[in-house]
Enquirer: 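Once you've had a glance at the structure underneath, I'll fire off some questions.
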Amino acid sequence: MRSSGILMHITSLPSPYGIGTFGADAEAFVDWLVAAGQKYWQILPLSPTGYGESPYQSFSTFAGNPLLIDLDDLVSGGLLAKSACDQADYGADPSFVDFDKIYRSKMRLLREAFKSFTEDVGYLAFIQEEAEWLDDYALFMSIKEQNELNSWQTWEKDLRFRRQEAMKKAREEYSERVNFWKFVQYIFMRQWLKLKRYANKNGIKIIGDLPIYVALDSADVWSNTDLFMLDVDCVPTKVAGVPPDFFSKTGQLWGNPLYNWERMKKENYLWWVKRVKKCADLFDVIRIDHFRAFDTYYAIPYGEKTAINGKWEIGPRMEFFNAIREQLGETDIIAEDLGEVFDSVTELLRESGFPGMKVLQFGFNPEHNDSDHLPHHYPVNSVAYTGTHDNATVKGWFAEEKAETRRMCKKYLKPALFEGINFAAFRSLYQSRARLVVLPMQDVLGLDNRARMNVPSTLGGNWIWRMKKGKNTAKLADKMNDLVKTYFRA
């Protein structure tokens with residue numbers, strides 16, 4: 001069935017508290033999606049953000065981001081005073097997220113709420129059901145707080161290597177902190193599932209993001225060192241990234257530890273099975289980021305300053321996905337197959353049966369050649385985008401391209417008189433054979449690159465964009481709905 005959706009991360013929603021949450025504004029956005037004729041809402045990872053506030057560098061792949069918790073829900077539940085929420089400092093500008101201020105204010109309020117919390121049946125069931133990852137994560141965050149949030153690789157040796165006596169002592173010493181972090185995850189999960197139910201009840205499916213790699217400074221690596229490429233001192237031997245390309249002459253050095261695929265294979269990929277199962281519980285559809293790494297992944301020796309000296313190595317390929325299917329059954333997955341793609345990656349995508357991604361901006365290449373990313377090439381089994389969270393907005397991209405590329409773009413898209421290049425792009429994607437079209441909300445609003453979500457390989461100024469309240473108007477919803485109906489995506 002032909003359908004369409006919107007890419008809009010939770011943090012980018014309006015709210016009174018400096019960052020988008022699971023509260024009333026999130027439900028209002030679902031209502032707007034329905035009015036706009038959409039069927040999908042795509043979000044970025046919900047995990048706690050780590051280095052550079054990136055949702056792709058998280059302290060845990062299983063945990064949820066405390067900053068997304070709705071404070072009004074805690075007020076109505078008697079855990080917080082409304083006055084305390086109103087008086088906190090969340091930053092002055094509603095058009096971007098001030099992560100430092102919000103973290104300080106929100107974590108202080110969550111600790112106040114925890115003091116008023118009484119364990120209930122739901123909480124006790126939650127901590128028992130999620131104990132396999134939750135116990136390690138809560139202890140990890142407790143020790144991390146005690147160590148001024150420094151990486152676990154700087155902790156005292158006995159805790160770094162999780163020696164039995166040190167771990168026992170830490171659990172006893174930090175028991176109250178551990179309980180706080182479990183409380184935060186319980187509230188997060190309760191609120192998220194409530195929002196997801198609201199979306200599903202209104203015919204909106206959630207597309208969630210599963211990053212291929214996890215951060216070195218994470219509970220995942222600390223508690224599963226044998227599953228990653230680490231030496232005897234728990235220092236990475238090789239790290240992840242991508243080689244030099246059109247976007248970067250030195251490539252991208254992500255720094256995530258690589259998986260020990262041989263060890264994972266011996267366990268029938270159990271850790272990954274649990275990870276995919278967790279995502280399947282949270283989302284209706286899972287977008288697997290950097291899908292190509294399951295075929296061939298780029299390995300960079302640890303300590304390198306750039307990604308130039310890495311090399312391609314063989315991933316687990318179809319054996320991995322067969323193991324996932326055998327243990328979980330069919331899971332609705334989108335494969336992010338962008339970047340330098342070998343024939344073997346294309347073959348893996350075909351064999352898996354997952355839809356790949358097409359990005360309109362990539363279709364207008366510097367050589368002005370025909371491209372698989374132009375809509376007349378899109379296969380039915382694909383998901384089409386104007387751009388992803390890593391790209392410029394359509395308006396910003398078009399403004400910054402060379403004159404020849406802009407001419408090619410206008411000739412191809414044929415914008416009507418007084419029509420923005422963004423809506424011309426929407427029509428082209430909606431006309432294509434792609435089963436699903438997903439548009440970033442920044443493009444729907446017609447914003448320039450000041451609203452860009454992320455510039456890869458840069459630190460600072462990323463992940464902070466927010467939509468101002470009232471910008472997603474009823475008139476805009478009607479315009480989108482008309483477009484959806486015109487091209488039979490309703």
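When a residue number appears, it is its place in the shown sequence, counting from 1.
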Enquirer: Is there a donor-acceptor pair closer than 3.5 Å between any side-chain N or O of K196 and the backbone N or O of I206?
Expert: no

Enquirer: Within the side chain of E304, is there an N or O that forms a donor-acceptor pair under 3.5 Å with the backbone of I300?
Expert: no

Enquirer: Rounded at 0.5 Å granularity, tell me how far CE in M107 sits from CG in L67.
Expert: 7.5 Å

Enquirer: Report the C-alpha separation of F140 and W133 in whole Å, then their side-chain angles, then the decisive distance to 0.1 Å, and conclude whether the ring pair (Phe, Tyr, Trp, His ring centres under 6.0 Å) test is met.
Expert: CA-CA 11 Å; F140 174 85; W133 67 267; over 10 Å; no

Enquirer: Could you tell me which residues satisfy side-chain hydrogen bond (donor to acceptor under 3.5 Å, both in side chains) with T388, sequence neighbours excluded, listed by chain and number?
Expert: N391

Enquirer: For G91, does its backbone N or O pair with a side-chain atom of D89 as donor and acceptor, under 3.5 Å?
Expert: yes

Enquirer: Quick check: are there more than 12 heavy atoms from other residues, nucleotides or ligands sitting under 6.0 Å from NZ of K205?
Expert: no

Enquirer: My understanding is that only residues two or more places apart in sequence, or in another chain, count here; which of them pass ring pair (Phe, Tyr, Trp, His ring centres under 6.0 Å) with F114?
Expert: F180, F183

Enquirer: Give every residue pair that meets the side-chain hydrogen bond (donor to acceptor under 3.5 Å, both in side chains) criterion with at least one member in residues 219-234, sequence neighbours excluded.
Expert: D226-R263

Enquirer: Using the ring centroid of each side chain, check whether F188 and F22 are separated by less than 6.0 Å.
Expert: yes

Enquirer: Using side-chain heavy atoms (C-beta onward) and a distance below 4.5 Å, is F161 in contact with C234?
Expert: yes

Enquirer: Return all side-chain donor-acceptor pairs below 3.5 angstrom for residues 72-84, not counting sequence neighbours, or 'none' if the list is empty.
Expert:
{"residue": "D72", "atom": "OD1", "partner": "Y17", "partner atom": "OH", "Å": "2.6"}
{"residue": "D73", "atom": "OD2", "partner": "R190", "partner atom": "NH2", "Å": "3.2"}
{"residue": "D73", "atom": "OD2", "partner": "Q191", "partner atom": "NE2", "Å": "2.9"}
{"residue": "S76", "atom": "OG", "partner": "D72", "partner atom": "O", "Å": "3.3"}
{"residue": "S76", "atom": "OG", "partner": "D73", "partner atom": "O", "Å": "2.9"}
{"residue": "K82", "atom": "NZ", "partner": "D86", "partner atom": "OD1", "Å": "2.7"}
{"residue": "K82", "atom": "NZ", "partner": "D86", "partner atom": "OD2", "Å": "3.2"}

Enquirer: Go through the structure and list residues passing ring pair (Phe, Tyr, Trp, His ring centres under 6.0 Å) with F99, not counting sequence neighbours.
Expert: none

Enquirer: Who pairs with D136 by salt bridge (Lys or Arg N to Asp or Glu O under 4.0 Å), at least two apart in sequence or on another chain?
Expert: R162

Enquirer: Would you mind listing every salt bridge (Lys or Arg N to Asp or Glu O under 4.0 Å) that reaches into residues 38-67, with sequence neighbours excluded?
Expert: none

Enquirer: CD/E267 to CG/N260 distance, rounded to the nearest 0.5 angstrom?
Expert: 9.5 Å

Enquirer: Return yes if a side-chain donor-acceptor contact under 3.5 Å exists between T458 and N462, otherwise no.
Expert: yes

Enquirer: Would you please name every residue forming a side-chain hydrogen bond (donor to acceptor under 3.5 Å, both in side chains) with E145, sequence neighbours left out?
Expert: R111, W181

Enquirer: Return yes if some donor-acceptor pair links the side-chain N/O of S218 with the main-chain N/O of A215 below 3.5 Å, else return no.
Expert: yes

Enquirer: Can you check whether Q442's main-chain N or O pairs, donor with acceptor, with T393's side chain at less than 3.5 Å?
Expert: no

Enquirer: Within a reach of under 6.0 Å around CZ of R108, are more than 12 heavy atoms found that belong to other residues, nucleotides or ligands?
Expert: yes

Enquirer: Strictly distance-based, threshold 3.5 Å: is any side-chain N or O of R317 a donor or acceptor partner for the main-chain N or O of E319?
Expert: no

Enquirer: Kindly say whether A92 contributes a backbone atom to a donor-acceptor pair with the side chain of D98 at under 3.5 angstrom?
Expert: no

Enquirer: With sequence neighbours left out, what residues match S47 under side-chain hydrogen bond (donor to acceptor under 3.5 Å, both in side chains)?
Expert: none

Enquirer: Could you walk me through whether Q252 and W254 satisfy the side chain to side chain donor-acceptor pair (under 3.5 Å) test, starting with their C-alpha distance in whole Å, then the side-chain angles of each, then the deciding distance to 0.1 Å, before giving a yes or no?
Expert: CA-CA 6 Å; Q252 296 178 32; W254 298 338; 3.0 Å; yes

Enquirer: Mind telling me whether F117 and Y123 have parallel, tilted or perpendicular rings, with 30° and 60° as the class edges?
Expert: perpendicular

Enquirer: Over 60° means perpendicular and under 30° means parallel, so classify the ring planes of F354 and F291, tilted if in between.
Expert: perpendicular

Enquirer: Applying salt bridge (charged side-chain N to carboxylate O under 4.0 Å, His left out) to R160 and D158, what does each step give before you reach the verdict?
Expert: CA-CA 6 Å; R160 197 163 72 243; D158 287 348; over 6 Å; no

Enquirer: Any donor-acceptor pair under 3.5 Å linking the side chain of T331 with the backbone of I333?
Expert: no

Enquirer: Cut-off 3.5 Å, side chains only: do Y174 and N179 have a donor facing an acceptor?
Expert: no

Enquirer: When rounded to the nearest 0.5 angstrom, what distance separates OG1 in T250 from NZ in K305?
Expert: 13.5 Å

Enquirer: Show me the donor-acceptor pairs within less than 3.5 Å that the side chains of residues 3-12 make with the rest of the protein, sequence neighbours left out.
Expert:
{"residue": "S4", "atom": "OG", "partner": "Q38", "partner atom": "OE1", "Å": "2.9"}
{"residue": "H9", "atom": "ND1", "partner": "L44", "partner atom": "N", "Å": "3.1"}
{"residue": "S12", "atom": "OG", "partner": "W465", "partner atom": "O", "Å": "2.8"}

Enquirer: Aromatic ring centroids of Y298 and H290 under 6.0 Å?
Expert: no

Enquirer: Fit a plane to each ring of W192 and F283, take the angle between them on a 0 to 90° scale, and name the class: parallel (under 30°), tilted (30 to 60°) or perpendicular (over 60°).
Expert: perpendicular

Enquirer: What orientation do W32 and F29 show, parallel under 30°, tilted 30 to 60°, or perpendicular over 60°?
Expert: parallel

Enquirer: Rounded to the nearest 0.5 Å, how far does CG of N256 lie from CD of Q57?
Expert: 4.5 Å

Enquirer: Any chance the side chains of D284 and Y40 put a donor and an acceptor closer than 3.5 Å?
Expert: no

Enquirer: So, taking the atom named CD1 in I127 and the one named CG in L134, what distance separates them when rounded to the nearest 0.5 Å?
Expert: 7.5 Å

Enquirer: Among F321, Y259, Y213, whose ring pair (Phe, Tyr, Trp, His ring centres under 6.0 Å) with W272 holds?
Expert: Y259

Enquirer: As an exercise, state the distance from CG of L124 to OH of Y186, rounded to the nearest 0.5 Å.
Expert: 8.5 Å

Enquirer: Could you walk me through whether Y297 and E313 pass the side chain to side chain donor-acceptor pair (under 3.5 Å) check?
Expert: CA-CA 5 Å; Y297 59 91; E313 299 191 3; 3.2 Å; yes

Enquirer: Do F96 and R466 come close enough that some side-chain heavy atom pair is under 4.5 Å?
Expert: no

Enquirer: In the structure I gave you, are the side-chain heavy atoms of V444 and M441 within less than 4.5 Å of one another anywhere?
Expert: yes

Enquirer: Do V383 and K358 touch side chain to side chain, with heavy atoms closer than 4.5 Å?
Expert: no

Enquirer: Checking K274 now: which residues fulfil salt bridge (Lys or Arg N to Asp or Glu O under 4.0 Å) with it, not counting sequence neighbours?
Expert: E132

Enquirer: Can you check whether T154's main-chain N or O pairs, donor with acceptor, with S151's side chain at less than 3.5 Å?
Expert: no

Enquirer: Do D443 and T386 pair up side chain to side chain, a donor and an acceptor below 3.5 Å, judged on atom types alone?
Expert: yes

Enquirer: Name all residues meeting the ring pair (Phe, Tyr, Trp, His ring centres under 6.0 Å) criterion together with Y269; count only those two or more places apart in sequence or in a different chain, and write none if there are none.
Expert: F320

